[in-house]
Amino acid sequence: MDQLHIQNTLTKKKELFVPLNAPFVGMYVCGPTVYSDPHLGNARPAITFDLVNRYLRHLGYKVRYVRNITDVGHLENDGDAGEDKLQKKARVEQVEPMEMAHFYTSLYQDLMRKLNVRRPDIEPTASGHIPEQIEIVENIMKNGYAYESNGSVYFDVPKYNQEFNYGKLSGRNLDDFIAGGGERISEEQLEEKRHPADFALWKNAPPEHIMKWHSPWGVGFPGWHVECTAMSTKYLGKKYDIHGGGMDLVFPHHEAEVCQSNAAIGDSHSHDLDEAKYWMHNNMITLNGKKMSKSLGNNITIGELFTGKHPLLAQPYSPMTIRFFMLQAHYGGTLDFSNEALQAAEKALKRVTDAFQRLNGMHFKAGMPMAHDPEKEALLKNFEQDARAAMNDDFNSAKVIARMFEVVPVINSIHAGNALPTDVNTLHDFRVAFNTWYTDILGLIPEETAGNVDSKTEELMALIIELRKTAREEKNWGLSDKIRDGLAALKIKVKDTPHGTEWNVED
RNA sequence: GGCGACGUGGCCGAGCGGCUAGGCAGAGGUCUGCAAAACCUCGUACAGCAGUUCGAAUCUGCUCGUCGCCUCCA
């Protein structure tokens with residue numbers, strides 16, 4: 001594909017990407033609720049939309065990327081007077097809700113930095129946008145798609161459905177809702193709600209509720225879905241280009257956003273506002289075939305992944321291994337987690353990273369021995385366009401990585417001292433392209449040098465390698481192997497290559 | 001019950017009607033004092049059954065199986 005196409009949840013089709021207002025692109029992604037340790041599942045949308053963000057920028061778009069922090073919390077049970085998650089956790093930990101939100105926000109940001117996820121351009125908090133949320137609710141009421149009940153405000157789904165198409169995003173309809181979820185609606189809720197499908201825009205706060213604000217309807221707190229509509233509208237406009245998030249948010253969260261957007265700011269001439277033009281959803285990560293989630297209690301936190309301290313983990317996995325593991329699969333499919341798969345990803349990443357570093361260490365000069373190899377030359381010359389074609393096909397990073405691996409043997413062959421398969425200019429161009437894809441678009445960073453190697457260590461190692469070289473020249477294998485084994489015990493790996501002896505610290 | 005996804009070689013995972021995906025693991029070989037790394041070669045898979053087609057892993061139908069959403073979740 002020579003132009004970017006995106007799988008659009010709204011239309012269920014893969015569509016050509018045409019920004020509403022090129023070269024500007026607005027993108028909003030649902031961020032974390034900051035009340036607990038971020039888990040592996042949280043990393044998937046972050047990395048998925050980091051890839052999208054990076055690629056759009058690579059294509060030259062002026063992207064404004066907004067990813068929110070949900071720090072107001074949602075009720076544990078829809079519609080009843082139960083405690084919200086944040087408040088409950090704060091009480092258990094005996095801290096201010098905001099103190100806890102700040103703690104987990106920082107933790108999340110720190111983990112994202114390790115995963116080399118670029119910071120969004122705006123990272124708004126729900127608590128910081130209460131007036132904007134109230135305004136959205138007021139607009140919806142003004143337009144007649146909401147009603148007040150006992151100090152709470154509910155979205156009038158049946159009314160909305162008369163003029164708009166409720167369920168267009170998730171492929172549901174009101175009848176299905178009643179047939180399925182209706183039975184789960186508690187009687188308590190129905191006291192306030194007119195229809196089981198109605199959802200809260202504003203909720204009255206019981207006295208014991210800590211996080212509450214003044215509103216035209218009394219003291220309360222915003223409903224579950226308004227924050228995203230309010231913040232995306234504020235920073236990206238009534239309709240923007242891309243809204244992203246996990247698949248589990250399609251219903252009810254994103255469906256509600258579509259409703260709110262149309263009801264609050266749509267008019268009779270634009271029933272297709274739908275908040276965003278392209279709705280993108282990453283699939284779930286599974287663990288032994290089951291969805292990994294907080295509520296199922298089978299989640300692994302990102303921190304545990306890095307340290308390896310979890311019963312299911314055979315070893316620690318580095319941030320780049322996690323990132324690479326995710327990019328090796330298309331974001332639209334489930335990704336099953338296992339030690340075996342992660343270990344394979346770790347080795348694969350090392351292979352491509354080694355090649356990356358070798359490539360960057362090469363000095364191409366005119367007049368180097370050259371043996372034209374049409375096949376290898378084609379791999380190098382086509383790399384950029386092949387990678388781009390894969391990426392244009394709904395961000396198929398898995399395919400991009402496959403193309404990288406096809407080029408790795410060529411790089412290694414040159415590094416091994418074989419003749420250049422093509423001319424120096426082609427090699428230069430290829431190197432630039434490979435760097436761009438590895439570093440800028442996939443967002444990978446070589447990790448090996450992360451080991452604490454200071455200049456003194458460098459000098460000592462140079463001396464040791466020199467001594468071993470002497471031993472080898474004297475065919476004193478006993479001594480040279482003793483040195484190598486001794487270093488290996490210190491996690492320093494020695495390799496004798498045609499260019500001399502190399503070493504590196506393993507983690 | 002409603003809506004939806006998926007089932008690819010030992011494992012992970014691309015594939016969207018014809019042309020080798022790729023990685024990991026495994027086998028053989030080259031190089032090397034040995035090792036490591038690297039390079040070369042090797043598996044011929046598509047849940048099952050019908051059908052459409054000159055031709056299907058790819059389209060259609062059915063069967064079986066797995067999973068997700070319908071309640072906060074990425």
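Every chain is numbered from 1 and lettered A, B, ... according to where its sequence line falls, protein lines coming before strand lines.
Put simply, CD on A/Glu255 is 11 Å from C1' on B/C3, counting in whole angstrom units. Residue A/Phe383 contributes atom CZ, which lies 13 Å from atom C1' of B/G22 at whole-angstrom precision. Rounding to whole angstrom units, CG of residue A/Asn283 and P of B/A74 are separated by 15 Å. Computed from coordinates, the A/Leu479 CG to B/G33 C1' distance equals 14 Å when rounded to whole Å. Computed from coordinates, the A/Ile401 CD1 to B/G15 P distance equals 13 Å when rounded to whole Å. Taking atom CZ of residue A/Phe324 and atom P of nucleotide B/A14, one finds them 13 Å apart after rounding to whole Å. In this structure, NE2 of A/His253 is placed 15 Å from C1' of B/U71, rounded to the nearest angstrom. Separating the NZ atom of A/Lys13 from the C1' atom of B/C16 is a distance of 16 Å, rounded to the nearest angstrom.
If you check B/A36, B/A74, B/C70 against the side chain of A/Pro252, the one that comes closest is B/C70. Among the nucleotides B/A35, B/G33, B/A74, the one closest to the side chain of A/Ser480 is B/G33. Checked against B/C39, B/G13, B/C73, the side chain of A/His39 finds its nearest nucleotide in B/C73. The side chain of A/Lys399 has B/A14 as its nearest neighbour among B/G33, B/C12, B/A14. Taking only side-chain atoms of A/Phe251, from C-beta outward, the nucleotide of B/C69, B/C11, B/C40 with the closest atom is B/C69. Of the candidate nucleotides B/C72, B/A14, B/C40, B/A14 has the atom nearest to the side chain of A/Ala329. Listed nucleotides B/C39, B/A74, B/C24 differ in distance to A/Asn412; the shortest reach to its side chain belongs to B/C39. Residue A/Ile285 places its side chain closer to B/A74 than to any other of B/A74, B/G33, B/C24. Here the nucleotide nearest the side chain of A/Asn282, chosen from B/A14, B/A74, B/C69, is B/A74. Counting only heavy atoms from C-beta on, A/Phe405 has its side chain closest to B/G22 among B/A14, B/G22, B/C39.
Side-chain nitrogen and oxygen atoms of A/Asn476 include none within less than 4.0 Å of the OP1 or OP2 phosphate oxygen of B/G33. The phosphate of B/G23 (OP1 or OP2) has no side-chain N or O of A/Lys347 nearer than 4.0 angstrom.
At the heavy-atom level, A/Gly246 lies under 4.0 Å from the strands shown only through sugar-phosphate atoms. Using a 4.0 Å heavy-atom distance criterion, A/Glu406 is classed as a sugar-phosphate-only contact. Across all strands, A/Thr286 comes closer than 4.0 Å to no nucleic acid atom at all (heavy-atom distances). A/Arg358 comes within contact range of the sugar-phosphate backbone alone, with a heavy-atom separation under 4.0 Å but no base atom that close. Backbone-only contact: A/Lys493 has heavy atoms under 4.0 Å from sugar-phosphate atoms and none from a base. Base engagement by A/Ala402 is indicated by at least one non-hydrogen atom pair under 4.0 Å involving a base atom. No engagement by A/Lys475 is indicated, since no non-hydrogen atom pair under 4.0 Å with the nucleic acid exists. In this structure, A/Val250 reaches neither bases nor backbone, as no heavy-atom distance under 4.0 Å exists between it and the strands shown. Contact annotation for A/Arg403: backbone-only contact, meaning every heavy-atom pair under 4.0 Å involves sugar-phosphate atoms and none involves a base. Within the 4.0 angstrom heavy-atom criterion, base atoms lie near A/Asp481. Among the atoms of the strands shown, none is found under 4.0 Å from any heavy atom of A/Leu40. Here A/His330 lies in heavy-atom contact (under 4.0 Å) with sugar-phosphate atoms only.
The 12-atom threshold is exceeded at NZ of A/Lys12, counting heavy atoms of other residues, nucleotides or ligands nearer than 6.0 Å. The environment of CD in A/Gln315 is crowded: more than 12 heavy-atom neighbours from other residues, nucleotides or ligands sit within 6.0 Å. Surrounding NZ of A/Lys212 are more than 12 heavy atoms belonging to other residues, nucleotides or ligands, all under 6.0 Å away.
Nearest approach of A/Asn116 to A/Arg323, heavy atoms of both residues: O-NH1, 3.1 Å.
Residues A/Glu340 and A/Ala348 each lie close to RNA chain B; by heavy-atom proximity, the contact nearer the 5' end of the strand is made by A/Glu340. Closest-nucleotide positions on RNA chain B for A/Gly31 and A/Val410 were compared, and the one nearer the 5' end corresponds to A/Val410.
Put simply, the side chain of A/Arg44 and the base of B/A74 share no donor and acceptor less than 3.5 Å apart. For A/Asp336 and B/C12, a side-chain-to-base donor-acceptor distance below 3.5 Å is absent, hydrogens and geometry of angles not being considered. A donor and an acceptor atom never sit less than 3.5 Å apart when one is taken from the side chain of A/Arg351 and the other from the base of B/C24.
Comparing the C1' positions of B/G23 and B/G43 gives an interatomic distance of 15 Å, to the nearest angstrom. Straight-line distance between the C1' atoms of B/G9 and B/A47: roughly 14 Å, to the nearest whole Å. B/A74 sits 13 Å from B/C70 when the P atoms are compared, rounded to a whole Å. B/U52 and B/A25 have their P atoms separated by 45 Å, given to the nearest Å. Comparing the same atom, P, in B/C62 and in B/C69 gives a spacing of 25 Å after rounding to whole Å. Rounded to whole Å, the separation between the C1' atoms of B/G18 and B/C11 comes to 30 Å. For B/G15 and B/A45, the C1' atoms lie 13 Å apart once the distance is rounded to whole Å. If you take atom C1' in B/C46 and the same atom in B/C54, they sit 22 Å apart, rounded to whole Å.
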Tell me, with the steps shown, if A/Lys469 and A/Glu474 meet salt bridge (charged side-chain N to carboxylate O under 4.0 Å, His left out). CA-CA 9 Å; A/Lys469 185 182 170 199; A/Glu474 291 166 358; over 6 Å; no

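A centroid separation of 6.0 Å or more is found between the aromatic rings of A/Phe17 and A/His5.
Using a 30° and 60° split on the angle between ring planes, A/His254 and A/Trp279 fall in the tilted class, from 30° to 60°. Ring orientation note: the planes of A/Phe430 and A/Phe434 are tilted relative to one another, at an angle of 30° to 60°.
Side-chain contact annotation: A/Thr301 with A/His39, donor-acceptor N/O pair under 3.5 Å absent. With no hydrogens or angles considered, a side-chain donor-acceptor pair links A/Tyr317 and A/Asn339 at under 3.5 Å.
In terms of modelled atom types and a separation under 3.5 Å, the side chain of A/Asn8 and the main chain of A/Glu15 share no donor-acceptor contact.
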So what's the dot-bracket for RNA chain B: Watson-Crick or G-U pairs under 3.5 Å, [ ] if a pair crosses, | if it pairs off-strand? ((((((((.[[[..)..(...]]].(((((.......)))))....[[[[[..)....]]]]])))))))....

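Seen from the ring of A/Phe405, A/Arg351 does not count as a face-on cation partner, given the 6.0 Å and 45° thresholds.
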